[in-house]
Amino acid sequence: MTRQGEQWVDEEAGPLVRPYAVIRGRTRSSADNLDLIAMVTATGAPYTGEAGLGPEETRILEMAERPMSVADIASEIDLPLGVVRVLLGDLHDQDLISVRAPAHKGPRPNERILKEVINGLRAL
């Protein structure tokens, strides 16, 4: 809380709002397990919620008019990944975005193979 007449303003950034205030103190959402390279796309569905969308959600929807990764969205709106995941979960729950998980092509190499590669590179 500020004293009377005092404002929390940064000359360049404008009013300062802590990231957890943007998501109303929540730390979990349906998007907690989103991969950083999952592609997010706006569905174009109309917003039908009671409360209006915040500027962060509006910005995400604008960016997601073209497919964009979760990591790129977090970078563009300059918010921590955890906050972005909560916002994405809210938008996804309202069918305002779709999320496409990255395709996994074949099995991933196991630890033994990776160690052999590292040892081979060291031997060079």
Side-chain angles (χ1 to χ4, degrees):
M1 184 169 271
T2 62
R3 287 177 258 151
Q4 190 173 11
E6 182 181 318
Q7 291 183 343
W8 289 359
V9 176
D10 179 327
E11 293 300 323
E12 293 179 18
L16 299 177
V17 177
R18 298 234 183 246
Y20 68 86
V22 171
I23 55 176
R24 297 175 298 285
R26 296 173 297 136
T27 58
R28 299 218 175 262
S29 79
S30 61
D32 282 346
N33 59 350
L34 276 182
D35 195 302
L36 289 175
I37 60 173
M39 298 304 287
V40 176
T41 308
T43 63
Y47 175 69
T48 59
E50 292 178 20
L53 293 174
E56 296 80 12
E57 289 106 341
T58 303
R59 179 75 176 115
I60 290 171
L61 290 175
E62 290 170 357
M63 288 188 301
E65 287 178 2
R66 292 181 296 138
M68 190 171 216
S69 73
V70 172
D72 287 338
I73 290 171
S75 174
E76 281 291 319
I77 62 175
D78 197 26
L79 286 173
L81 182 60
V83 171
V84 171
R85 282 184 169 152
V86 171
L87 293 172
L88 290 174
D90 292 349
L91 293 171
H92 187 262
D93 292 345
Q94 298 171 47
D95 295 322
L96 296 174
I97 61 169
S98 64
V99 179
R100 185 172 42 96
H104 293 289
K105 298 186 184 213
R108 295 183 176 178
N110 64 29
E111 185 178 343
R112 182 186 59 79
I113 292 174
L114 293 174
K115 284 182 179 178
E116 288 179 18
V117 170
I118 290 170
N119 290 337
L121 290 171
R122 286 183 182 150
L124 293 176

Atom CG of Asn110: over 12 foreign heavy atoms under 6.0 Å: yes
Residues two or more places apart in sequence or in another chain: which of them pass side-chain contact (heavy atoms from CB on, under 4.5 Å) with Ser75? none
Group every Ile, Leu, Val, Met, Phe, Trp and Tyr by side-chain heavy-atom contacts under 4.5 Å, then state whether Val99 and Leu81 land in the same group. yes
Which of Asp90, Leu87, Val83 passes side chain to side chain contact (heavy atoms under 4.5 Å, CB included) with Glu56? Answer is Leu87
With sequence neighbours excluded, residues passing side-chain contact (heavy atoms from CB on, under 4.5 Å) with Pro55: none
Would you be so kind as to tabulate the donor-acceptor pairs closer than 3.5 Å made by side chains of residues 115-124, with sequence neighbours excluded?
unit_1: Lys115; atom_1: NZ; unit_2: Glu111; atom_2: OE2; d: 3.0
unit_1: Glu116; atom_1: OE2; unit_2: Arg112; atom_2: NH1; d: 2.6
unit_1: Asn119; atom_1: ND2; unit_2: Lys115; atom_2: O; d: 3.3

Quick one: side-chain contact (heavy atoms from CB on, under 4.5 Å) partners of Met68, sequence neighbours excluded? Met63, Asp72, Ile73, Glu76
Hphob cluster co-occupancy, Met39 + Ile60, side-chain heavy atoms under 4.5 angstrom: no
How far apart are the closest heavy atoms of Leu88 and Ile97, and which atoms are they? O-CD1, 3.4 Å
Does Arg66 have any salt bridge (Lys or Arg N to Asp or Glu O under 4.0 Å) partners at least two apart in sequence or in another chain, and if so, which? none
Mind checking side-chain contact (heavy atoms from CB on, under 4.5 Å) for Ala101 and listing every partner two or more places apart, or none if nothing turns up? none
State, yes or no, whether a side-chain contact exists between Val70 and Val40 at a heavy-atom distance under 4.5 Å. yes
Is the closest side-chain heavy-atom distance between Arg100 and Thr41 below 4.5 Å? no
Taking C-beta and beyond as the side chain, do Leu53 and Leu91 meet within less than 4.5 Å on heavy atoms? yes
Heavy-atom pair with the smallest gap, counting every atom of Leu36 and Ser69: O-CB, 3.8 Å
Of the non-hydrogen atoms in Ala45 and Asp95, which two are nearest, and what is the gap between them? CB-O, 3.6 Å
